[in-house]
Every structure is written in structure tokens, then in C-alpha cells.
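Residue numbers run from 1 in the order of the sequence given. Not measured: the values here are computed from a predicted model.
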Amino acid sequence: MRRMNPVTRILLLPAIVLTAGSLLSGCALKDQGAPTSENEEARPNVARTDQRESKDDDGESRFGMDDNSTPLKPESDAKSGGAGTRKRDGSKAPSRAPSMAPPPAPAASAAARAEGISQAPPTEPEVARLKRKLKRRMRRPAAPGFGSGHGRLGGVVGQSPRRISKPQIAVPTDDGLLRERADRFGDMYFRHYGVNPTIDTAEQPRSTFSVDVDTASYTMTRSFLQRGRMPAEAAVRVEEVINAFDYAYQAPTGETFSVHAEAAPSPSRKGYHVLHVGVQGKKVAASERKASNLVFVVDVSGSMSGDNRLGLVKRSLGLLTEQLRENDTVAIVAYGTNARQVLAPTSAYNKQRILAAVHSLRTEGATNAEAGIRLGYKIAASAMKPGGVNRVILCSDGVANTGLTGAGGILDTVHREAKRGITISTIGFGMGNYNDVLMEKLAQGGNGNYHYVDKLAQARRVFVENLTGTLQVIAKDVKLQMAFDPAVVSRYRLIGYENRKLKARDFSNDRVDAGEIGAGHAVTALYEVKLRDGATGDLGKIRIRYKAPQGNTSQLIEKTLARSVVRGSTDALTSPSQLSLVAGQFAEKLRGSYWARTVSYADMLARFERVAPELRNQAKVRELRKLIERAQKLDPRKDKFEKDAPVAMMTFDKVPVLR
């Protein structure tokens, strides 16, 4: 056997890992930041690449995520194109939009065959040398934080934070519950946007963000847990978990929105109150829904094969088709290596023709998402319904490997088409080989919504139970702003919405894009606020700015956040506020937030007893309880902050610097 050179050894590493097994049980990749002052925290060690073998309840072997969360994509692999990546010389590469393409497959076998090298198991000394080399290679410094409060945890700062844009991935493997083979599972792409810091109202009294009614993150989290493993921390977006539930707000009468608020002492953050804010959109009867011009753009590439991918897509679109009316039209585009029209715009009166076209779809070729999306927009424009719903519905795993694989050019098209009235909804399918980052960005940039479908029951919720809200927008560019009174509120923290935050001046700028709200949809947000001792005045103002679906000038709704909304104890909160608190605590716990370390899964389950039976017994709320119980059994993580900041000595106003 010829002696392998160092480059070949590195190329052969994936094969070595599989062969050596326990010898390569983990190489930690630390995500470190640099503290910039006494009041500024470093980015904690929250990312690791190691996985370890554990046992399912039935004793069968599986691989779960390691203690400290989502593995990072190695910085040396610049294929993802995310901002904050590092070149080999340590300099920062130009920031690019996230790529739809997965990383290239390991070239170990091809390289070995080309050199005629045997792939016999290496000796223990050789494995040790390769291990040390890989660790040195992977321990290049990560992109630093952006100053105080801009790390993963969030501290107390005097200005609105910027987001951390470094892309992350999780790599789950088959746990025996999925119908796909284990070797079909590749990378899952997520992005961790950090955890919001606490803001001093004397420096910045206004908290501004774009609304978000997507629920994909909740469904993804559920899918992970039901398959027996903890979700990647970066996969959990707190606001999407909170907004996955119906809080039964009173609908507005005569206005587009009604506003609800309630506050009480926080059960987990000493000295703070938790503030629940709910905005309910007006409802539209199904019979009053506008006529729809829909174009289904379906990914039929090889990666979509399987009953829980293309098979589930076809059943989902079948459910949607059955709900449409005669004045709705449907067209279908399929894309593999190339894009093609499967069905020209057809009246929903001819449901059998539409269903036959849906069921004729078969997997083929590579993944040219760019071609599919562009053709979908072209067909939608040809059948445009002025004043109606004009929507492209993309069904995909979000990954592309031919055509334009980066997000930049596609997002330009999405933004341009949204301005002329053609929106896009993205519906994600599949576990493994999935790009959550791109699917969310397309929907966000295209004035649509993003859902993840893991089973037919979820498709029924999206396309049957909530069809009008899914399709018909009642307000666009919706922005929320909390204007706190510094004389009453000294500090605040928005829980979630990290990638939806806006600058205060953007609130009244109609050129700044924001989220959309469909008919009957509601938006819920949680804050932690610190009230000044002795202050008795109102907490501030709640402001909503939005445009009519066909309008270009925004309107303003302003409500006083009266002192009367503050309750004397957490137990005095109404059931909707109790439920939102449980959902928010659960999401922050899964996400590894510093502020959730004082909350246990047992605390969350106990709080369920404060929720009234009529709400607690809803199917989705019962499901949340089961997910918390599941996470309680599965969660192997240790408190990563305990060494530097023991819980017993925890400060609730400032995140410590990790040494």
C-alpha cells in the first residue's frame, strides 16, 4: 500500500471516522467571541461538532446531538456563503446571501481510487495524528460578536443590537422512525440569530420589529422531538413557537386589528415582569375570500424521493385543491435539472384535471430551484388577477445544486415580483438535506408565509383549517413598536424576533419592508420589563403601522399600555398569557438562552395547571405538553454558564463574561 500524503489523509477523514468509530467520538468546535469591555460579554461556547451514541427507550442505538447544541459548519468550508465566514488566513470573507446548495460530498473514496490507495483501517497512532490535525484546523477563531449584548446571550446595552449572521447546521441521522435510509440524511441548514439583549430605556425607549406569523420552526422542533432527539438550537425561533397557538383574542370590530396586553412578575427573572402583547387581525369568511391565482412550484429532484417528501407534497396539494372554488385557478411547475410546466392555469372547477397533474409528478434529475421559481412567477404573471390573490407556492427542501444556487439573484426576483403583487409561500418538506435559512428568506422577502409540513395533519392545518388566512392578506408591511416610558420602565428585553428587529426610525419609513398578516391571524410577543420602584404611571404606548393589501401609504394604530394591565402575581394572569409564557420558556430553553437557565421543564409542566381546561384541552396545547415531557427525557445538556456564573449567584440584569 502506498503511503498517504497529508492532503489525502484529510480527504479520507470521513471514511476514517466511520471505520474508527469510538476512536473519533468527538472534536469540539468552539464558537468564541472576544469581550470588548467590562460590561460586554463574549460569545459563549455554544457550538460543538461532536455527536455521541446513546440509547433509545427500546435499547436500540441512535446518535443524538451533543450537550451544547447545534454543530457549526466548519469555517474552512465557504460553500454556504453565509456572512461572518473566515478565510484560511483569518481574514473575513465578503458577506454573501446563504446558499441553497449543500456542501460537496466528501471526496475520500474518489481520491483513494485515483491514487490506488487501500482504505484499510488506520493504526491508532495515525488516527491520533489526524485527530490533532483536524482539531487545529477546526479551531480557527470564529467571527467575533458585535459588542455588548450582541453575542449569543444578550446583555444590557444602550442601543438596538445587530444580528449574528453566521450560518449553522445540524446533522441529524436516522433514528429508525423515518422511512428514508440513514445514508439519505445530509446537512440541515439553520442560522442562529443570537438572543436579544436587555435594553436600557434611558438610551433606547422604543422596541421595533416586523411581525411574524410563520410556524415552521415550531413544526420543525416538534418533528425533531417526536423522532427522539433534541432540535438544533438554531432551528428554534422563539416567536414562531409562541405564535403556533390560538390564544382566542377578541376579534376587532370596525378596525383591522385589536390589541391585547397583560403583565405580571416574572417567575424566572427576579425583579422583572413578563409582558404579553397580542394583536388580532380581522377575520374574513371563507365565502368572502378573494379569487386566487395559484402556481404550485414543486421540487421533483432526486432528493425529494420518498413518501414523506414528494409523496407528502402530492397529498398536501390534493388537500389544498379540494378547498378551492371555481373562480380560483391553479398551474403547476415541476423542476429537477430543468423547469417545465406540468399544468397551464386551470379553473379549480376542473379539480380532477388538477389532481391528475399533481399525482403525475415523479422525481427526476438535479435541483434547479432558480429555473422553477422564475417559471412559476412567469406563469403567475400571465394569469394575474388584479385585486385578487396571486401566489407562488414553493414545495421543496430548499436545497439546489444546479442553476443559480445562491440566494442573491433569486431574492432579487422575489422582491421585484412582490412589489407588483405576486407573493410567495414556501412549504418545507423532509428531514435531512434541508435548507431552513433559504426557505424562510424567500417567504420573508416575497411577502408570503413559511410553513414546514412533516405529516398530513400539518398540511390539513395549513391548507384546510386555515386556508383563508394562508392565502388572503389583510395588511402588509406590518410593524410593531413598544414605546416604553423611561420614568416607569427602566429596562426591557424582547423575547424572540431576533431576525425581525427594526431600527426605531424604520417604523415610520414606508420604504422599509415588514411582515404580512393574513385574515384571522394573530401576532403575540413577550417582553421582560423592569419597572421602577415607586412608579405608578402607564408603561408606555403600543403602536402598529401597516399598509392596506393594495396600498402604499401606511396607517397608524396607537394604544396606551395602561398600568391597569399589571397583575399582582404570575398566577393571576389569564390562561392565554399563561400559555404564551409556557411556550416562550420552552422555546428559550431549547434555544440555550441564558435567561432560561432558571426554568426547568418541571416548572413549565406545573404552569399548565394554571391554564383553563377549555384551552388546556385543545389538541395543539396537549401536544405542547407532550413535547415538553419528551424534551425533559431527551435533553442531555449541561448548564454551560455554571462555571462562570453559578445559578445561586446569578445576576438578572447582566450576562457575565465567560472566561
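Side chains of D454 and Q226: no donor on one and acceptor on the other come within 3.5 Å.
Of the charged side-chain nitrogens involved, none lies within less than 4.0 Å of a carboxylate oxygen, so that E288 and K283 do not count as a salt-bridged pair.
Between D477 and the choices K419, R511, R545, K547, the salt bridge (charged side-chain N to carboxylate O under 4.0 Å, His left out) rule is met once, by K547. D212 pairs with exactly one of R500, K479, K501 by the salt bridge (charged side-chain N to carboxylate O under 4.0 Å, His left out) rule, that one being R500.
Heavy atoms from other residues, nucleotides or ligands lying under 6.0 Å from CZ of R353 number 12 at most.
Between F257 and Y546, the ring planes lie perpendicular to each other; the angle is over 60°, past the 30° to 60° tilted range. Aromatic ring pairs are classed by plane angle as parallel below 30°, tilted from 30° to 60° and perpendicular above 60°; the pair H260 and Y249 is parallel. By the 30° and 60° cut-offs, the orientation of the rings of Y247 relative to H276 is perpendicular.
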- Query: Do R222 and E623 pass the salt bridge (Lys or Arg N to Asp or Glu O under 4.0 Å) test, and can you show the C-alpha distance, the side-chain angles, and the key distance before you say yes or no?
  - Reply: CA-CA 9 Å; R222 181 186 67 194; E623 178 184 78; 3.2 Å; yes
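Using a 4.5 Å cut-off on side-chain heavy atoms (C-beta onward), P549 and K476 make no contact.
Of the possible donor and acceptor atoms, one in the side chain of T337 sits under 3.5 Å from a partner among the backbone N and O of A366.
Taking the six-membered ring wherever Trp is involved, the centroid distance between the rings of Y452 and Y218 does not fall below 6.0 Å.
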